[in-house]
Structure formats: structure tokens, C-alpha cells
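The basis for the numbers below is simple: all heavy atoms, side chains too, and nothing from hydrogens, waters or symmetry mates. Keep in mind it's a predicted model, so treat the numbers as computed, not measured.
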Amino acid sequence: MAIRNIVQEGDEILRKKSKPVHDFDEKLWELLDDMKDTMVKGDGIGLAAVQVGILRRVVVLDVNNMKLELVNPTIIDQYGEQINQEGCLSCKGKWGYVKRPKEVTVKAQDRYGNEFVITGVDLLARAFCHEIDHLDGVLFVDKIIKDYKEKKKK
């Protein structure tokens, strides 16, 4: 396992659409393991393969101590709305408020090609959307709500 370099905003690869994975082999497993190590080293909660320079539809997540690997993920359902602050390992030092669904259901495959469906709410739903956006060449900075001020609780 190795720590890979995280591609930064401005690199054109982040704007490209990632290709589906067809080979569930040791090369994929190594990528997944390296991505997990890289995400942890970067203190992130999610990482898409494109962020380490690989145009494949692969995501790793670590949200609320739930470690997930998503290969060829697709959002199949979403519900509600939440607005919260986001950052990104590929956009160092940038933060902004983004509107996302409150609940998201994703269909994906595991590292062996087995299909599964998972539903996430709140932060996990946000992470699903953020990372799947990466696979389509979209960055969270594209979705920042300009002039949004967090409502103060009374």
C-alpha cells in the first residue's frame, strides 16, 4: 500500500468523466487500498480515483467509522434537502455551503464485482454526492451557494 499524490484544482483531469471499472482484479484492489491510505493521510472522509489521477469510477469513504468502497457507484434515489459546509482534498483551503439531498441511495459494486445498494443520510448522503460528482468531473466549488450565511440558532 502506498500514499498517492492528490491532484489539485486546476489540473484538467479533475474535470474529466471517469470510466466504468470492468476488471475486478489485484490492480483495482491495490488502487482501493492506496486510496484509503491516501484519504486517511489527508484527513479526509472521501476520495475518488480521479483525485489520485486515475479516471475510473472508484470511491472510498470513511464516514462515522463506516469504511466503504464503491466501484461504479450510481445514485438511484434521493430525498430531502440539506445545506452544509464542504471542503475537498483537491481544493485545499476552500470551503463553502452546498445544497445536497438529505438522503441518498446508491447502487455500486464492491472490490470483487458484487452489486449492492446502500442508503446514507446527512453526512454520508453528502459524501456520496460529493464523491460521485468527482467521477463526473464536477467539483464542490461549482456548487457553492454564493452569499449563503448560516442561520444562527436562537
### Message
For Ile45 versus Ala127, what's the shortest heavy-atom pair and its separation?
### Response
CD1-CB, 4.3 Å

### Summary
Closest heavy-atom pair, Gln85 versus Trp95, reported as atoms and distance to 0.1 Å, is NE2-CB, 4.0 Å

### Message
With a 4.5 Å cut-off on side-chain heavy atoms, are Gln51 and Glu131 touching?
### Response
yes

### Task
With ring-ring contact (aromatic ring centres under 6.0 Å, His included) as the test, would you mind laying out the steps for Trp29 and Phe24 before giving the verdict?
CA-CA 8 Å; Trp29 305 340; Phe24 295 81; 9.4 Å; no

### Task
Please lay out, stage by stage, how Val117 and Ile76 fare under the test side-chain contact (heavy atoms from CB on, under 4.5 Å).
CA-CA 9 Å; Val117 174; Ile76 58 173; 4.0 Å; yes

### Task
Hey, could you give me the CG/CG distance between Leu55 and Leu14, rounded to the nearest 0.5 Å?
9.0 Å

### Query
Under a 4.5 Å cut-off applied to non-hydrogen side-chain atoms, are Leu139 and Asp133 in contact?
no

### Interatomic distance, Leu70 atom CG to Ile132 atom CD1 [nearest 0.5 angstrom]
6.5 Å

### Task
Would you check if the side chain of Asp25 reaches a backbone N or O of Leu28 as a donor-acceptor pair within less than 3.5 Å?
yes

### Task
Determine whether Met39 and Val71 fall in the same hydrophobic cluster, where Ile, Leu, Val, Met, Phe, Trp and Tyr are linked whenever their side-chain heavy atoms lie under 4.5 Å apart.
yes

### Message
Assess the residue pair Ile145 and Val98 against the criterion (side-chain contact (heavy atoms from CB on, under 4.5 Å)); give the C-alpha distance rounded to whole Å, side-chain angles, the decisive distance to 0.1 Å, and a yes or no.
### Response
CA-CA 6 Å; Ile145 302 169; Val98 178; 5.9 Å; no

### Message
Is the shortest side-chain heavy-atom distance between Arg100 and Lys143 below 4.5 Å?
### Response
yes

### Query
Can you name the nearest heavy-atom pair linking Pro73 to Leu135, along with the distance?
CG-CD1, 3.6 Å

### Message
Can you confirm whether more than 12 heavy atoms, excluding those of Asp43, are under 6.0 Å from its CG atom?
### Response
no

### Query
Can you find a heavy atom in the side chain of Arg111 that is under 4.5 Å from one in the side chain of Asp33?
yes

### Message
Do Pro101 and Arg126 make a side-chain contact, defined as non-hydrogen atoms from C-beta onward lying under 4.5 Å apart?
### Response
no

#### Entry: Minimum heavy-atom distance His134-Cys88, with the two atoms named
NE2-SG, 3.4 Å

### Task
Show your reasoning for whether side-chain contact (heavy atoms from CB on, under 4.5 Å) applies to Lys19 and Arg56.
CA-CA 5 Å; Lys19 296 176 173 102; Arg56 289 289 176 255; 3.1 Å; yes

### Query
Are any side-chain N or O atoms of Ser90 and backbone N or O atoms of Val7, one a donor and one an acceptor, separated by less than 3.5 Å?
yes

### Task
Might you work through the salt bridge (Lys or Arg N to Asp or Glu O under 4.0 Å) test for Glu9 and Lys94, ending with a clear yes or no?
CA-CA 10 Å; Glu9 182 182 18; Lys94 292 189 178 179; 2.8 Å; yes

### Query
Does the side-chain contact (heavy atoms from CB on, under 4.5 Å) test come out yes or no for Asp136 and Arg57, once each step is laid out?
CA-CA 9 Å; Asp136 294 322; Arg57 297 190 75 80; 3.1 Å; yes

### Query
Hey, does Asp142 have a side-chain heavy atom less than 4.5 Å from the side chain of Arg15?
yes

### Query
Gln78 versus Thr105: any side-chain heavy-atom pair under 4.5 Å?
no

### Query
Can you tell me if Gln8 uses its side chain to pair, donor with acceptor, with the backbone of Leu89 under 3.5 Å?
yes

### Task
Decide whether Ile75 and Ile118 are clustered together by the hydrophobic rule: side chain heavy atoms of Ile, Leu, Val, Met, Phe, Trp, Tyr closer than 4.5 Å, transitively.
yes

### Message
Grouping I, L, V, M, F, W and Y whenever their side-chain heavy atoms are under 4.5 Å apart, do Leu68 and Leu123 come out in a common cluster?
### Response
yes

### Task
Report the residues that fulfil side chain to side chain donor-acceptor pair (under 3.5 Å) with Asn72, sequence neighbours left out, ordered by chain and then residue number.
Gln109

### Message
I'd like to check Thr119 versus Val104 (side-chain heavy atoms, cut-off strictly below 4.5 Å). Are they in contact?
### Response
no

Which atom pairs, one a donor and one an acceptor, fall under 3.5 Å between side chains of residues 59-67 and the rest of the protein, sequence neighbours left out?
| unit_1 | atom_1 | unit_2 | atom_2 | d |
| --- | --- | --- | --- | --- |
| Asp62 | OD2 | Lys67 | NZ | 3.2 |

### Message
Within a 6.0 Å radius of atom OH on Tyr79, are there more than 12 heavy atoms belonging to other residues, nucleotides or ligands?
### Response
no

### Query
Honestly curious: do Ile54 and Val21 fall in one hydrophobic cluster under the side-chain, below-4.5 Å linking rule?
yes

### Query
Near Lys107 NZ, under 6.0 Å, is it more than 12 heavy atoms from other residues, nucleotides or ligands?
no

#### Entry: Shortest non-hydrogen contact from Leu31 toward Ala49
CD2-CB, 4.2 Å

### Query
Which value, rounded to the nearest 0.5 Å, describes the distance between Leu47 atom CG and Ile6 atom CD1?
5.5 Å

### Query
Between atom CZ of Arg4 and atom CG of Asp34, what is the distance when rounded to the nearest 0.5 Å?
4.0 Å

### Task
Quick one: closest heavy-atom pair of Gly120 and Phe128, and the distance?
N-CE1, 3.7 Å

